[in-house]
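Report on the structure given below.
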Number of protein chains: 2
Amino acid sequence: MVERKKASRAGVTTTPSEGRPEKRLFHEYLRRKGLKRTAQRDLILETFLESEKHITSEALYRKVRERDPSVGFATVYRTLKLLTECGIARSMQLGDRYTHYEQGFDKQHHDHLICIECGGITEFFSQQLENIQAEVVRRHGFRMVDHSLRIWGVCRMCQRRRAS
Amino acid sequence: MVERKKASRAGVTTTPSEGRPEKRLFHEYLRRKGLKRTAQRDLILETFLESEKHITSEALYRKVRERDPSVGFATVYRTLKLLTECGIARSMQLGDRYTHYEQGFDKQHHDHLICIECGGITEFFSQQLENIQAEVVRRHGFRMVDHSLRIWGVCRMCQRRRAS
DNA sequence: CTGGCTGCAAAGCATTTGCATGACA
DNA sequence: TGTCATGCAAATGCTTTGCAGCCAG
């Protein structure tokens, strides 16, 4: 971390994490909880922010190891838990055996289309859907705390690939 | 299975499984696949059919053991897999660490309200919801294969219990 | 008879935890 | 200078699998 403006590595097409509000938020969260800011936690957050929108703990662990091979997976899991607690990450089950994480700070609720061929994940939001859900919940006298709609199928690209 | 109209055991308030089409379906499925009909498989299916609508593999295992303590959990898992394959059971993740199973034969698709206090599960169906989902999928060029909407919250009863 | 089935124990696998060492505040 | 964090390895907990003997067809 000495060079400034270091050339982006081959194939890294992700968002830079410079000045992201998540960093400040995380450090504040740590302070508030009497926890400590460490190089590992910073590295894990940074790697998470610069990753694709949806990532598994395992994949994040591998990415982190590329930058610092000494980091253990326990630390990644523990940090991911912290990130989830303070709203920077959101965890979800997509049907495989992994827990997936997505960036959750400052993002409105949304649902997911999951391609069973390529594993690709498409986010979508429908206010109509939200309204009807709220109505269903109300009708049953529930107090809603969370909800998750997942739709599995074959995406446009994979349908084409199949046809050919 | 000798006595007819045998008195229901104390506390068992479940549906009798006599003459349920699932049995015939299961036996046909086994035959078609060249698999064998065994006492354990019959017992597990019967116990499943007489259980509450939603049950975990673990709970089913315990219920089966009450009737025949010699049954191993591997057999329960293996049978549950068969039942799922032939559409008698449907598996789902409700947010805890267990796989839950519900009776799936001859039942239309539906969604779930899950109470985070008592663990109770309420089924609901909304054609509007289905329509909007289909529209979203269409708009994204997906071919839908499955979908699952889960809503977590506090049910009416638990809200009252809390208030008091 | 013979291939499938069973129960047991062991293995798998993602995730969590215990512990001795190391680092932040 | 005392927590809190880390990395390692072991433990968890649900689920699956290997295997030797057993049973249905």
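Excluded from the calculations below are hydrogen atoms, water molecules and symmetry mates; all remaining heavy atoms, backbone and side chain alike, are included. Below, chains carry the letters A, B, ... as their sequence lines are ordered, and counting in each starts from 1.
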Indicate every side-chain donor-acceptor pair of residues 91-98 of chain B with a distance under 3.5 Å to a residue at least two apart or in another chain.
unit_1: B/Q93; atom_1: NE2; unit_2: B/T99; atom_2: OG1; d: 3.3
unit_1: B/D96; atom_1: OD1; unit_2: B/Y98; atom_2: N; d: 3.2
unit_1: B/D96; atom_1: OD1; unit_2: B/H100; atom_2: NE2; d: 3.0
unit_1: B/D96; atom_1: OD2; unit_2: B/H100; atom_2: NE2; d: 2.9

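- By the 4.5 Å heavy-atom criterion applied to side chains, B/H110 and B/F124 are not counted as neighbours.
- A salt bridge links B/E102 with B/R90: the distance from a Lys NZ or Arg NE/NH1/NH2 to an Asp or Glu carboxylate oxygen falls below 4.0 Å.
- Using a 4.0 Å cut-off between a side-chain N of Lys or Arg and a carboxylate O of Asp or Glu, A/D42 and A/R37 qualify as a salt bridge.
- Residue order along DNA chain C, read from the 5' end via each residue's closest nucleotide, puts B/T75 first among A/Q40 and B/T75.
- No side-chain heavy atom of B/I151 sits under 4.5 Å from any side-chain heavy atom of B/I114.
- Only at 4.0 angstrom or more do the heavy atoms of residues 91-104 of chain A sit from any atom of DNA chain D, so none qualifies.
- Using a 4.0 Å cut-off between a side-chain N of Lys or Arg and a carboxylate O of Asp or Glu, A/R24 and A/E28 do not qualify as a salt bridge.
- Under the 4.5 Å side-chain criterion, counting only non-hydrogen atoms from C-beta, B/R162 is in contact with B/E117.
- The separation between A/Y77 atom OH and D/dG7 atom P is 15 Å, rounded to whole Å.
- When the options B/L49, B/L83, B/I44 are evaluated for a side chain to side chain contact (heavy atoms under 4.5 Å, CB included) with B/F26, the one that passes is B/L83.
- To the nearest 0.5 angstrom, A/R139 atom CZ is 9.5 Å from A/I132 atom CD1.
- Residues A/E46 and A/R20 are not paired through a salt bridge, judged by the lack of any N-O separation under 4.0 Å between the basic side chain and the carboxylate.
- A side-chain donor from one of B/H147 and B/E130 sits under 3.5 Å from a side-chain acceptor of the other.
- Electrostatic pairing of A/E50 and A/R67 counts as a salt bridge here, judged by a charged N lying under 4.0 Å from a carboxylate O.
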Please tabulate, one pair per line, each protein N/O and nucleotide N/O from nucleotides 21-25 of chain D that are separated by under 3.5 Å, including the distance.
unit_1: D/dA24; atom_1: O3'; unit_2: B/R37; atom_2: O; d: 3.4
unit_1: D/dA24; atom_1: N3; unit_2: B/K36; atom_2: NZ; d: 3.4

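- Using modelled atom types, one finds a donor on one side chain and an acceptor on the other under 3.5 Å when comparing A/Q127 with A/N131.
- The residues B/E66 and B/R62 are annotated as not salt-bridged, no charged nitrogen and carboxylate oxygen being separated by less than 4.0 angstrom.
- Bounding nucleotides for the chain B contact on DNA chain C, 5' to 3', at a heavy-atom distance below 4.0 Å, are C/dG3 to C/dC8.
- Contact check on A/K107 versus A/E123 returns a salt bridge, with a Lys/Arg side-chain nitrogen under 4.0 Å from an Asp/Glu carboxylate oxygen.
- Within residues 53-62 of chain B, the residues approaching DNA chain D are B/S57, by heavy-atom distance under 4.0 Å.
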For nucleotides 8-10 of chain D, which of its nitrogen or oxygen atoms have a protein nitrogen or oxygen under 3.5 Å away, and what is each distance?
none

